[in-house]
2 protein chains.
Amino acid sequence: MPPAQQPSTRQPSTRRPYHHGDLRRAILTAALDVIAADGPSALSLRDLARRAGVSHAAPAHHFKDRTGLLTAIAAEGFGLLAHTLNEAADLKDAGVRYVRFAREHPAHFQVMFTPELLRADDLELTTARALAGDALRGAVSAVRPESLGIDTRLAGVAAWSLAHGFATLLLSHNLDGPVGDKDPEEVFRTLAAMLFRTES
Amino acid sequence: MPPAQQPSTRQPSTRRPYHHGDLRRAILTAALDVIAADGPSALSLRDLARRAGVSHAAPAHHFKDRTGLLTAIAAEGFGLLAHTLNEAADLKDAGVRYVRFAREHPAHFQVMFTPELLRADDLELTTARALAGDALRGAVSAVRPESLGIDTRLAGVAAWSLAHGFATLLLSHNLDGPVGDKDPEEVFRTLAAMLFRTES
DNA sequence: AGGGCAATCTTGTCAGTGTCAAGTTTTGCG
DNA sequence: CGCAAAACTTGACACTGACAAGATTGCCCT
């Protein structure tokens with residue numbers, strides 16, 4: 001179908017306005033849909049432009065590149081992740097939030113950890129990633145050092161690996177068998193209890 | 001440079017022979033190089049053909065598709081992984097071998113766990129994946145059930161998540177800081193000791 | 001030995017894509 | 001009010017994956 005000209009601002013006239021209104025956001029959400037469904041390799045700037053009802057070169061004005069679009073997505077993802085990790089009660093809760101983030105924002109998650117698709121030196125990306133890193137380290141250092149093995153640094157790597165591996169395998173449908181119809185977050189809580197013999 | 005015509009079989013004549021000799025393997029290894037360097041999205045069938053010194057349509061005869069090529073890589077990867085996991089002494093050794101596999105075959109590893117790039121119903125892929133799954137389950141069930149928490153199924157998920165997450169984060173250069181110049185396999189051994197309070 | 005068939009590889013073509021350059025419309029600010 | 005910049009369009013170019021049809025070669029079978 002012809003993309004149903006949405007004025008979305010201004011005149012309710014019949015013809016599509018020259019300016020979209022919020023093209024940047026429209027392209028971003030369309031891209032997230034495509035990536036969540038078929039992965040980043042299925043992403044086409046021209047297709048996104050068609051979905052938004054604009055010309056094929058319009059996205060370039062907001063993101064410059066295909067790489068620029070993906071970098072913006074990754075930066076947004078790290079921001080969202082940092083936000084939810086900062087509200088974690090303890091380390092286990094941080095892990096659960098990590099898994100939940102991957103499930104609720106699969107496109108962000110996938111792009112965030114595919115560095116060859118990103119502009120590594122992008123400022124927004126690096127600062128957002130640093131924020132997320134701080135949040136993660138904060139959650140790790142909050143646990144009493146006696147309860148974990150030797151090094152808090154290594155304990156952080158262990159926790160991150162467990163959560164990241166679980167989330168990744170979950171998204172790639174490699175845990176459909178073992179997890180079954182159980183709530184993945186609840187399953188992860190059990191795994192986390194195996195790693196750290198702490199409370200609950 | 002012009003791809004240095006390698007007769008590799010038959011006449012040492014100066015002109016390149018019509019048949020390549022082992023084009024399938026040549027394309028595969030070239031693809032692995034490209035993927036290891038710049039990820040699957042940088043893969044171009046025409047570029048691989050140029051590297052092998054054949055025409056742009058030659059690869060299609062061996063792999064049909066871009067998807068077919070990636071599926072063949074994934075199948076080969078699962079075969080290699082199954083082979084090394086079957087020789088593991090115990091669960092921790094299986095984890096170490098898992099991480100070593102990811103480091104020695106980063107292209108295989110990346111493609112194996114990117115299902116949207118693969119032909120899901122391919123026979124060679126599904127059988128190879130099943131073999132690898134059996135090998136993993138074998139390594140998990142070898143450990144005495146008392147030493148791990150409750151369910152062996154869940155213990156397997158925990159071990160797989162830890163190894164997979166560590167390998168993934170390693171390949172995406174997210175552990176360059178924490179691991180530093182230490183041997184990653186040795187670091188992982190420490191993490192594995194945290195998960196399972198078993199021997200050594 | 002040799003004839004023919006299938007596997008392998010080539011050439012040609014088409015639609016689709018990312019990116020750049022240059023022009024057009026609109027917004028907003030001095 | 002006017003004008004510069006932002007937002008978007010049109011056009012073009014090189015590149016890609018895929019398909020079709022033809023050329024070359026290895027190999028099997030009698």
Side-chain angles (χ1 to χ4, degrees), chain A residues 2-3 5-11 13-28 30-31 34-35 38-73 111 116-119, chain B residues 2-3 5-13 15-28 30-31 34-35 38-73 111 116-119:
Chain A
Q5 50 218 22
Q6 285 238 49
S8 114
T9 59
R10 296 296 173 206
Q11 343 253 64
S13 144
T14 169
R15 64 176 202 76
R16 170 160 47 85
Y18 196 91
H19 283 43
H20 179 281
D22 194 4
L23 181 59
R24 185 185 158 92
R25 192 67 246 168
I27 299 263
L28 274 175
V34 172
I35 295 172
D38 300 321
S41 62
L43 199 79
S44 155
L45 290 182
R46 288 175 113 103
D47 177 50
L48 298 179
R50 276 189 293 264
R51 295 184 186 221
V54 295
S55 81
H56 65 243
H61 204 275
H62 289 273
F63 301 101
K64 169 107 177 169
D65 256 339
R66 210 181 105 99
T67 303
L69 170 59
L70 291 165
T71 301
I73 289 176
V111 172
E116 65 263 19
L117 297 177
L118 307 178
R119 189 121 35 214
Chain B
Q5 51 216 23
Q6 285 238 50
S8 113
T9 60
R10 299 294 175 208
Q11 343 254 65
S13 144
R15 63 175 204 77
R16 168 161 48 84
Y18 196 90
H19 283 42
H20 178 280
D22 195 4
L23 180 57
R24 184 185 158 90
R25 192 66 246 168
I27 299 263
L28 274 175
V34 172
I35 295 173
D38 300 322
S41 62
L43 199 78
S44 154
L45 291 183
R46 287 174 113 103
D47 178 51
L48 298 179
R50 276 189 293 266
R51 295 184 186 220
V54 294
S55 80
H56 65 245
H61 204 275
H62 290 274
F63 302 102
K64 168 107 177 171
D65 257 339
R66 212 181 104 99
T67 304
L69 170 59
L70 292 166
T71 301
I73 290 176
V111 173
E116 64 264 18
L117 298 178
L118 309 178
R119 190 123 33 215

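Only heavy atoms go into these numbers, but all of them, side chains included; no hydrogens, no water, no symmetry mates. Letters A, B, ... are given to chains in the order of the sequence lines, protein chains preceding strands, and every chain is numbered from 1.
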Length of the line joining L69(B):CG and dA18(D):P, which is rounded to integer Å: 10 Å
dA15(C) OP1/OP2 closer than 4.0 Å to side-chain N/O of R46(A): no
Residue-phosphate contact under 4.0 Å: H62(B) side-chain N/O, dC9(C) OP1/OP2: yes
Length of the line joining L70(B):CG and dA18(D):P, which is rounded to integer Å: 10 Å
Touch class at under 4.0 angstrom, heavy-atom based, for D65(B) against every strand present: sugar-phosphate
Could you pull out all donor-acceptor pairs under 3.5 Å where a side-chain atom in residues 59-71 of chain A meets a protein atom, sequence neighbours excluded?
residue: D65(A); atom: OD2; partner: R119(A); partner atom: NH1; Å: 3.1
residue: D65(A); atom: OD2; partner: R119(A); partner atom: NH2; Å: 3.0
residue: R66(A); atom: NH1; partner: L43(A); partner atom: O; Å: 2.6
residue: T71(A); atom: OG1; partner: T67(A); partner atom: O; Å: 2.7
residue: T71(A); atom: OG1; partner: R119(A); partner atom: N; Å: 2.9

Interatomic spacing from OG in S55(B) to CZ in R50(B) - rounded to 0.5 Å: 11.5 Å
base_contact_polar (dG16(C) base, H56(A) side chain, donor-acceptor, <3.5 Å): no
Rounded interatomic separation in angstrom, taking CD1 from I27(A) and C1' from dA7(D): 12 Å
F63(A) CZ to dC8(D) C1', straight-line distance once rounded to whole Å: 14 Å
N/O (side chain, S44(A)) to phosphate O (OP1/OP2, dT17(C)) under 4.0 Å: yes
Atom of A72(A), atom of R24(A) and distance for their closest heavy-atom approach: CB-NH2, 4.2 Å
Whole angstrom value for the distance that separates C1' of dT25(D) from CG of L23(B): 15 Å
